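Okay, structure first, notes after.
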Amino acid sequence: MTNREILKILREIAAFFEMEGVSFKPQAYEAAALGIETYAREAEEIYKTGGTDALMEIPGVGKGIAGHIEELFKKGSFKEYRDFKRKYPIDVLGLVAIEGVGPKMVKLLWEKLRVRAVNDLEKAARAGKIRALERFGEKSEQKILKGIEFLKQSGGRQALGFALAEIRSLEKMIQLFPEVARALVAGSVRRRKETIGDIDILAASKRPARVMEQFLKLPFIAHVYAKGTTKTLVKLKNGLDADLRVVPKESWGAALNYFTGSKEHNIALREIAIQKGWKLNEYGLFKGEKMIAGRTEEEVYEKLGLRYIEPEMRENMGEIKAAQENKLPRLIGYSDIQGDLQMQTDWTDGENSIEEMARAAMSAGLRYIAITDHTKSLAMTGGADEKKLLRQMEAIDKINRKYKDLKFKVLKGAEVNIMKNGTLDIEDDVLKKLDVAGAAAHSHFTLSRAEQTKRIIRAMENPNVDIIFHLTTRVIHKRGPIELDIDEIIKAARRTNTVLEIDAYPDRLDIKDEYVRKCVDAGVKMAIDSDAHSVNHFKYLEMGIGQARRGWATRGDIINAHPLKEMLKFLKER
DNA sequence: GCCGTTTTCGGCCCGACTGTTTTCAGTCG
């Protein structure tokens, strides 16, 4: 049984306990589910070697839940879960995924209307049966239908990189409101998560009611869920929900901290406050009635005895301890990238010529790029064979001669295809001539974990391969990652000095933050590339930098955050 | 049910808004 299946069952149990009004157990099961979700290894694997003791190493998993998981491995189920399922034969997770529907409502819907799943609920709502229930009305019924509609059309989340430009223009508009002293988008956008479910906007103002009025007049707004004097929740025309909160200027820092999250990070901060006998909320840090910090985020962290923690690190994944011990890394900066090592041109499936890409990269502030068109086994892209690659090298030489006074360099590269058995589709004597040889898998996504791991490691062992592009091949909202033993991959990368790419394209972001952190810890170098297929895609490098920062990477960890000479020297000597 | 520089019991984050309520439970972030 996979981690994914286990955490789904744990989440179900949490919801069942909540339906029954049991205290604390819901949070305990939720915490265990989160622990498994973020655990790097498969629980079944560690159970095989270390039993329930090993399972209890997972954060949030104690004796009780470890026992349940053991039964899941042995029998596929356990008693409490079976009892709940018998009592409530319903799709509780599907139902609570609807905006505004929680466990208590699910219980009522089941008991009164025999609602088992989302389509039952939709039918009941359309038939006007919801409004007849006690404590429900016509509005609740409409709200449920809208929630179902949204869930259907968007799956609830969007890739941040695709929405970021729009979010920034919304932020700018609010900043320009005359009554607004400061405004910033907080939440998962500020933490640069891969995908976002909503936009949390924070504004400081003396006249919150006026700000809300102005906000509701903005052209982006499709629907208003809730409006108050300090908090308004709307749906934007782009399908995202936006939440605007207005606070007094004195509370700006505390509020920004609170609304940036993550929830887990905030809880940990509040616990530190409690230990000191204080209270932390979105209005400030309080000692009794007296506010002792909150004007700036820096002030809040300082008062709590912490160094300032960058938003991308706020996940309660060790950053608080590091901040206490003054051991936070100095993260790579958003303007540190000097070159881009993966892009495609009209030689294969890109939209623009080599020269157009070079010019666009220059305007994006880059000093060098590598042209990495696909290779021959990707026939549908017009992938290059050895001859075509050699021709492209000549074309690149020509462009470099043309631009030699501009201190900008186009490197010769390729996105060489990794075959099923881990060999490459380009001969070694041609690979040797490239400045940057990236290798990537584009097929055979369903190989077993062992085969897939062996395949990628074999590609890394080719001394001509510099970088593995988009290691896990996942596409957000489209397909999951290939099965890999990531620890073995990182070991092999370390041994062969192979660079692992952080592909910055918004629905790839591959490798993910958790793996970035493993690379940082193991001393494996990475490259942040746009994977641009058009001159408009260089802007996505920012998403890759965000991903690197979420994985605690410093400038030293990223080879293309260095000048060309240094970067090439690294590739040559590796 | 989990957890521990207030350790093996007694805690477990905190506040805003909605709807349908004459005082608050439920949901969300």
Side-chain angles (χ1 to χ4, degrees), chain A residues 10 13-19 21-35 55-69 80 95-109 130-144 147 156 186-188 191 196-202 208 212 224-234 241-247 251 254-255 257-286 305 316 321 324-325:
Chain A
L10 296 177
I13 301 266
F16 287 137
F17 274 125
E18 207 154 330
M19 281 165 69
V22 176
S23 327
F24 305 115
K25 290 195 189 193
Q27 294 92 312
Y29 277 91
E30 276 292 341
L34 187 69
L55 291 176
M56 285 165 68
E57 297 289 308
I58 302 171
V61 176
K63 210 171 173 183
I65 293 180
H68 291 329
I69 296 174
E80 284 84 338
L95 287 165
V96 298
I98 301 166
E99 177 86 17
V101 177
K104 297 283 163 63
M105 202 184 281
V106 170
K107 182 164 189 267
L108 190 77
L109 291 165
I130 305 292
R131 69 183 77 176
L133 296 173
E134 209 177 315
R135 293 192 73 90
F136 282 74
E138 205 169 322
K139 278 191 177 171
S140 338
E141 201 169 75
Q142 286 310 311
K143 196 179 170 196
I144 285 172
S188 45
R191 301 202 317 278
I196 53 164
D198 65 359
I199 307 167
D200 298 290
I201 312 156
L202 182 71
M212 290 307 180
V224 180
Y225 295 112
K227 57 177 178 209
T229 50
T230 63
K231 174 177 172 170
T232 292
L233 185 62
V234 301
D241 286 348
D243 183 357
L244 176 64
R245 290 285 297 242
V246 183
V247 295
S251 298
N257 183 246
Y258 178 88
F259 291 109
T260 297
S262 67
K263 191 175 163 183
E264 289 73 21
H265 178 84
N266 288 351
I267 289 172
L269 290 185
R270 268 180 237 148
E271 280 166 359
I272 293 175
I274 290 168
Q275 280 164 23
K276 294 181 185 287
W278 304 335
K279 183 178 77 167
L280 178 63
N281 60 25
E282 61 261 55
Y283 297 109
L285 182 60
F286 295 92
N316 196 25
K321 188 159 181 278
Q324 282 168 333
E325 295 169 357

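Numbered from 1 within each chain, the chains take letters A, B, ... in sequence-line order. In this text, all values refer to a predicted model and were calculated from it rather than measured experimentally.
- Its glycosidic angle being more than 90° from 0, B:dT6 falls on the anti side.
- Remark: P of B:dC14 and NZ of A:K263 are 13 Å apart, rounded to the nearest angstrom.
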Verify side-chain contact (heavy atoms from CB on, under 4.5 Å) between A:V96 and A:V106, making sure each step is shown before the conclusion. CA-CA 7 Å; A:V96 298; A:V106 170; 3.8 Å; yes

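- Closest-nucleotide positions on DNA chain B for A:Y258 and A:E134 were compared, and the one nearer the 5' end corresponds to A:E134.
- Phosphate contact (OP1/OP2 of B:dC14, side-chain N/O of A:N281, threshold under 4.0 Å): absent.
- Between B:dG26, B:dG29, B:dC24, one nucleotide has an atom nearer to the side chain of A:K104 than all others, and that is B:dG26.
- A residue-by-residue look at A:F136 and A:D241 shows that A:F136 has its nearest nucleotide of DNA chain B further toward the 5' end.
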Every protein N/O within reach of nucleotides 1-3 of chain B N/O, cut-off under 3.5 Å:
{"residue": "B:dG1", "atom": "OP2", "partner": "A:K25", "partner atom": "NZ", "Å": "3.0"}
{"residue": "B:dC2", "atom": "OP1", "partner": "A:G62", "partner atom": "N", "Å": "2.6"}
{"residue": "B:dC2", "atom": "OP1", "partner": "A:G62", "partner atom": "O", "Å": "3.2"}
{"residue": "B:dC2", "atom": "OP1", "partner": "A:I65", "partner atom": "N", "Å": "2.9"}
{"residue": "B:dC2", "atom": "OP2", "partner": "A:G64", "partner atom": "N", "Å": "3.1"}
{"residue": "B:dC3", "atom": "OP1", "partner": "A:G60", "partner atom": "N", "Å": "2.9"}

Got a list of side-chain donor-acceptor pairs under 3.5 Å for residues 26-34 of chain A, not counting sequence neighbours?
{"residue": "A:Y29", "atom": "OH", "partner": "A:H68", "partner atom": "NE2", "Å": "3.2"}
{"residue": "A:E30", "atom": "OE1", "partner": "A:R11", "partner atom": "NE", "Å": "3.3"}

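- A close approach under 4.0 Å does not occur between any side-chain nitrogen or oxygen of A:K231 and OP1 or OP2 of B:dC17.
- The separation between A:I98 atom CD1 and B:dG26 atom P is 18 Å, rounded to whole Å.
- For the side chain to side chain contact (heavy atoms under 4.5 Å, CB included) test, residues two or more places apart in sequence or in another chain that qualify with A:K231 are A:D243, A:R245.
- Applying the side chain to side chain contact (heavy atoms under 4.5 Å, CB included) rule to A:V22 yields the partners A:F17, A:E20, A:K25; only residues at least two apart in sequence or on another chain are considered.
- Every residue two or more places apart in sequence or in another chain was checked for a side chain to side chain contact (heavy atoms under 4.5 Å, CB included) with A:I274, and none qualifies.
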Review item, nucleotides 7-10 of chain B N/O atoms under 3.5 Å of protein N/O:
none

One pair to check against side-chain contact (heavy atoms from CB on, under 4.5 Å): A:F16 and A:E80. What are the steps and the verdict? CA-CA 10 Å; A:F16 287 137; A:E80 284 84 338; over 6 Å; no

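- To the nearest whole angstrom, the two P atoms, one in B:dC2 and one in B:dT6, are 23 Å apart.
- Rounded to an integer number of Å, the gap from CD1 of A:I144 to C1' of B:dT27 is 12 Å.
- At least one donor-acceptor pair under 3.5 Å links the side chain of A:N266 to the backbone N or O of A:Y258.
- Comparing the same atom, C1', in B:dT5 and in B:dG1 gives a spacing of 24 Å after rounding to whole Å.
- Rounded to whole Å, the P atom of B:dG26 lies 14 Å from the corresponding atom of B:dT21.
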Do A:T232 and A:V234 pass the side-chain contact (heavy atoms from CB on, under 4.5 Å) test, and can you show the C-alpha distance, the side-chain angles, and the key distance before you say yes or no? CA-CA 7 Å; A:T232 292; A:V234 301; 3.8 Å; yes

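- Rounding to the nearest 0.5 angstrom, the gap separating the CG atom in A:L233 from the CG atom in A:L244 is 10.0 Å.
- For B:dA16, one of the phosphate oxygens OP1 or OP2 lies less than 4.0 angstrom from a side-chain nitrogen or oxygen of A:Y283.
- No donor-acceptor distance shorter than 3.5 angstrom exists from the side chain of A:S251 to the backbone of A:A254, with no hydrogens or angles considered.
- Among the nucleotides B:dG19, B:dT27, B:dA16, the one closest to any side-chain atom of A:S140 is B:dG19.
- One interatomic measurement links the two molecules: NZ of A:K107 to P of B:dG26, which rounds to 10 Å at whole-angstrom precision.
- Atom name P, nucleotides B:dG11 and B:dA16: the rounded distance is 26 Å, in whole Å.
- The distance from atom CG of A:L108 to atom P of B:dT21 is 13 Å, rounded to the nearest whole Å.
- As rounded to the nearest Å, B:dT8 and B:dC3 have P atoms that lie 16 Å from one another.
- A:E141 comes within 4.0 angstrom of nothing in the nucleic acid, heavy atoms only.
- Pair assignment for B:dC2 gives B:dG11, based on Watson-Crick or G-U wobble hydrogen-bonding distances that are each under 3.5 Å.
- Remark: the separation of the C1' atoms in B:dC17 and B:dC12 is 25 Å, to the nearest Å.
- Rounded to a whole Å, the CD atom of A:E30 is 12 Å from the P atom of B:dC28.
- Distance from the side chain of A:D198 is smallest to B:dG29 among B:dT6, B:dG29, B:dC17.
- A:T230 has a side-chain polar atom (N or O) that falls below the 4.0 Å cut-off from OP1 or OP2 of B:dC17.
- A:L233 places its CG atom 11 Å from the C1' atom of B:dT27, with the value rounded to the nearest Å.
- Taking a 6.0 Å sphere around CD of A:E325, one finds it holds more than 12 heavy atoms contributed by other residues, nucleotides or ligands.
- Atoms CG (A:D200) and C1' (B:dG15) sit 15 Å apart, rounded to a whole Å.
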